[in-house]
Amino acid sequence: MNKQKDFKPYIPADRITPEFTVTSIIMGVILAVVFGAANAYLGLRVGMTVSASIPAAVLAMGVIRVIMRKNSILESNIVQTIGSAGESLAAGAIFTLPALFLWAAEGKMETPSIIEITLIALLGGLLGVLFMVPLRSALIVREHGILPYPEGTACAEVLLAGEEGGANASTVFAGMGIAAAFKFIIDGLKIVPSEVSLRVKGFAGEIGTQIYPAVMSVGYICGPRISSYMFAGGLVSWLVLIPAIVLFGADLTLYPGTEPIGEIFAAKGASGIWGSYIRYIGAGALAAGGIISLAKSLPLIIRTFRDAIKGMKGSQNLDTTRTGRDLNFGIILGGVALITLAIWLAPPIPVSLLGAVIVVVFGFFFATVSSRMVGLVGSSNNPVSGMAIATLLIATIILKFTGDGGIHGMQGAIAIGSIICIVAAIAGDTSQDLKTGYLLGATPKKQQIGELIGVIAAALAIGGVLYLLNAAWGFGSDQLGAPQAMLMKMIVEGVMENNLPWTLVFIGVFLAVAVEILGIPVLPFAIGVYLPVQLNACIMAGGLIRLGLDRKKEQDEKKKSSIISDGILYCSGMIAGEGLVGIILAILAVFNLDAVIDLSGKLGLPPAAANIGSLLVFALVILSVLKFSLWRKRKERK
């Protein structure tokens with residue numbers, strides 16, 4: 001309590017400084033759309049997204065301080081507040097909504113309209129912000145010094161180190177430009193193959209690596225531990241399960257496959273077995289991992305919800321200073337009521353009154369839980385996928401037994417799950433942003449309006465992004481595996497139609513249980529089982545670079561920390577750059593212009609030479625990370 005009373009923000013409450021300006025709004029909206037689109041592309045490829053708060057803050061400082069010659073830390077804070085909303089909304093949307101496209105591809109329903117996607121994303125995002133606002137006084141103010149909010153605190157520290165803003169911003173921009181060039185060479189011009197694989201004659205397993213900058217960057221940002229768990233999952237599926245299936249079942253025709261396993265392997269190799277069987281094992285492991293992580297967090301979730309509600313009851317915000325102003329409580333209640341009616345009555349959203357009630361009840365519960373849990377364990381450990389799985393299971397069962405079954409009930413369950421997933425993701429992001437603002441001395445009301453603007457901008461863009469990516473490559477394809485959405489689809493179908501290959505699913509479930517007993521985090525391992533081993537190996541390469549830098553003997557700890565953080569900023573830029581070029585290439589593919597720039601057939605490189613070229617490109621990607629982290633000149637920072 002003393003910590004809260006003695007706390008003084010960087011900008012005092014009685015000082016007025018530029019904050020909510022035209023510049024900050026325009027920059028924030030651009031970054032919300034950019035990072036939202038880039039994270040949507042990344043999440044559909046890799047099954048993971050990365051935080052956009054720090055890169056957005058650094059870019060804001062670079063433009064506002066260095067280019068515009070303005071000195072306003074709160075203006076930069078508004079930019080990152082608006083910009084980070086795009087990443088969180090994209091994460092919630094891509095984990096669920098592609099299931100609707102997959103059903104449309106199977107002929108079970110019409111392709112969801114852009115209006116439906118936009119409304120689901122918009123209403124979920126708005127609910128996430130509005131549910132969080134009444135919790136700010138209880139969680140951010142009263143529990144200052146108790147709840148660390150690691151990402152929010154880190155973002156505040158980055159903004160406070162504003163004198164390095166120009167140099168750091170150049171690192172992010174360099175990552176964007178270099179990754180864009182590599183992506184265009186690999187997937188646009190197709191001068192070299194995007195992956196290198198190694199097969200041994202007489203053994204059905206396969207190993208290799210992709211060479212994408214963004215995929216490697218995920219490994220660097222997540223670190224060696226998470227990367228190694230994912231890689232271990234890939235080794236189990238591609239070097240243990242696939243060879244076992246081929247060895248013991250070569251002459252069998254095993255559901256869901258439609259021809260003998262031996263023929264599938266002969267025609268498509270290990271990837272054919274992965275597509276027909278391993279995906280279901282991986283889905284079972286993912287579902288079990290989500291439920292296990294939720295179950296492990298249950299005592300904390302219950303305690304968190306109880307404490308947050310107690311805090312709300314006893315913490316009417318009587319602070320009338322600039323740094324104590326929140327959105328009016330009447331506006332929040334009215335907004336929640338209107339959104340509930342919209343979820344029920346809006347024709348594009350296939351949700352009944354019962355479904356709307358489920359959304360509000362579960363939404364408030366998970367928003368409260370998410371807001372407090374990210375304060376305790378950080379956003380990366382927030383079990384959003386477990387919350388979404390639990391919601392989907394309960395919603396699907398309720399809809400089925402109340403007579404709303406079939407494809408309409410399945411659509412409704414996905415819509416409910418999507419909104420809840422977005423609510424939890426946005427509530428966690430809003431909490432971190434408000435913590436940053438609290439430390440800096442920002443005006444909460446202006447940040448909350450900024451979050452709403454970011455949600456609106458990202459929601460207006462996400463429908464077009466999903467349509468574009470689906471039209472270019474299709475969800476569930478090699479380019480866009482969409483692991484979480486495939487999982488959500490399987491869960492809903494399993495309850496409604498009971499048509500899953502349950503043996504394969506339960507193999508994955510008990511594999512996850514065994515891993516949990518060994519003390520290994522289940523979710524990254526399960527994602528590794530589900531995804532191609534080449535993708536996991538590329539992530540592992542990034543993790544190994546981070547491991548080398550973490551273990552580097554450096555007398556000056558400040559310099560070592562600077563090396564690591566520069567690498568994170570550069571990799572964040574690479575993710576954004578590759579994601580944007582991925583969107584551009586998708587546009588070209590939709591209009592059949594991708595063949596015009598495709599040089600793969602014209603070069604006619606033999607396979608061995610092409611693979612060597614791929615490895616050389618990957619080596620250049622790795623060297624570029626070292627150039628902007630380990631080998632970067634820092635004399636001016638002393």
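Note that this is a predicted model, so its numbers are computed, not measured.
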* Excluding sequence neighbours, so at least two apart, what forms salt bridge (Lys or Arg N to Asp or Glu O under 4.0 Å) with Arg45? -> none
* So, Gln432 versus Ser53: side-chain donor-acceptor pair below 3.5 Å or not? -> no
* To do: Give the minimum heavy-atom separation between Ile416 and Gly355, together with the two atoms involved.
  => CD1-CA, 3.7 Å
* Measure the spacing between CD1 of Ile414 and CG of Leu97 and express it to the nearest 0.5 Å. => 8.0 Å
* Asked: Taking side chain as C-beta onward, heavy atoms only, is Lys446 less than 4.5 Å from Leu74?
  -> no
* Structure fact -> The reported gap from CG in Asp433 to CD in Gln447 (rounded to nearest 0.5 angstrom) is 6.5 Å
* So do the side chains of Leu531 and Ile539 get within less than 4.5 Å of each other, counting heavy atoms only? -> no
* If we ignore angles and hydrogens, is there a donor and acceptor under 3.5 Å between the side chains of Thr171 and Asp566? -> no
* Structure fact -> When rounded to the nearest 0.5 Å, the distance separating CG of Leu439 from CG of Leu159 is 10.5 Å
* **Donor-acceptor contact below 3.5 Å, side chain Ser88 vs main chain Ala85** => no
* Evaluate the side chain to side chain contact (heavy atoms under 4.5 Å, CB included) criterion for residues Leu487 and Ile389: first the C-alpha distance (whole Å), next the side-chain angles of each, then the deciding distance (0.1 Å), finally the verdict. => CA-CA 9 Å; Leu487 169 64; Ile389 290 169; 3.9 Å; yes
* Evaluate the criterion side chain to side chain contact (heavy atoms under 4.5 Å, CB included) for residue pair Leu286 and Leu523; output intermediate values, then yes/no. => CA-CA 6 Å; Leu286 268 173; Leu523 277 177; 4.3 Å; yes
* Find out whether Phe173 and Leu59 are in side-chain contact, i.e. whether some heavy atom of one side chain is under 4.5 Å from a heavy atom of the other. => yes
* Asked: What do the steps show when you test Ile426 against Met132 for side chain to side chain contact (heavy atoms under 4.5 Å, CB included), and what is the final call?
  -> CA-CA 9 Å; Ile426 287 289; Met132 170 55 207; over 6 Å; no
* Could you pull out the closest heavy-atom pair between Ser431 and Ile140, with the gap in Å? => O-CD1, 3.6 Å
* Judged by atom type as modelled, is there a donor-acceptor pair below 3.5 Å linking the side chain of Glu19 to the main-chain atoms of Thr443? -> yes
* In sequence, state the C-alpha distance, the side-chain angles, and the governing distance for Val374 and Tyr149, and then conclude on side chain to side chain contact (heavy atoms under 4.5 Å, CB included). => CA-CA 6 Å; Val374 298; Tyr149 285 98; 3.8 Å; yes
* Asked: Of all heavy-atom pairs between Val423 and Gly363, which one has the smallest distance, and what is that distance?
  -> CG1-O, 3.5 Å
* Asked: For the residue pair Ala459 and Thr118, what are the closest heavy atoms and their distance?
  -> O-CG2, 3.5 Å
Less than 3.5 Å apart, which donor and acceptor atoms pair up between the side chains of residues 332-350 and the rest of the protein, not counting sequence neighbours?
{"from": "Thr340", "atom 1": "OG1", "to": "Val336", "atom 2": "O", "distance (Å)": "2.7"}

* Are the side chain of Glu451 and the backbone N or O of Val129 linked by a donor-acceptor pair below 3.5 Å? -> no
* **Partner of Ile117 by side chain to side chain contact (heavy atoms under 4.5 Å, CB included), out of Leu100, Leu122, Ile462** => Ile462
* Asked: Is the closest side-chain heavy-atom distance between Tyr438 and Pro9 below 4.5 Å?
  -> no
* Interatomic distance, Leu440 atom CG to Tyr10 atom OH [nearest 0.5 angstrom] -> 9.0 Å
* To do: Would you indicate whether the side-chain heavy atoms of Ile453 and Phe20 approach each other to under 4.5 Å?
  => yes
* Under a 4.5 Å cut-off applied to non-hydrogen side-chain atoms, are Phe35 and Ser84 in contact? -> no
* **Straight-line distance of Ile394 CD1 to Ile358 CD1, nearest 0.5 Å** => 9.0 Å
* So how far is it from Ile221 CD1 to Ile564 CD1, rounded to the nearest 0.5 Å? -> 12.5 Å
* Is Arg322 reaching over with its side chain to a backbone N or O of Gly441, donor-acceptor style, under 3.5 angstrom? -> yes
* For Ala56 and Val79, which heavy atoms make the closest approach, and how far apart are they? -> O-CG1, 4.3 Å
* To do: Check whether the side chains of Gln448 and Asp326 place a donor and an acceptor atom closer than 3.5 Å, and report yes or no.
  => yes
Atom pairs and distances, side-chain donor-acceptor, residues 569-576, under 3.5 Å, sequence neighbours left out:
{"from": "Tyr570", "atom 1": "OH", "to": "Ser624", "atom 2": "OG", "distance (Å)": "2.9"}
{"from": "Ser572", "atom 1": "OG", "to": "Ile568", "atom 2": "O", "distance (Å)": "2.8"}

* Shortest non-hydrogen contact from Ser371 to Leu139? -> CB-CD1, 3.7 Å
* Asked: What is the ring orientation for His144 with Phe7, classed by angle as parallel under 30°, tilted 30 to 60°, or perpendicular over 60°?
  -> tilted
* Pick out which of Phe366, Phe364, Phe362 makes a ring pair (Phe, Tyr, Trp, His ring centres under 6.0 Å) with Phe131. => Phe364
* Within a strict 4.5 Å, meaning less than it, do heavy atoms of the Ile82 and Leu31 side chains meet? -> no
* So among Val58, Leu160, Thr436, Thr81, which one has a side chain to side chain contact (heavy atoms under 4.5 Å, CB included) with Cys155? -> Thr436
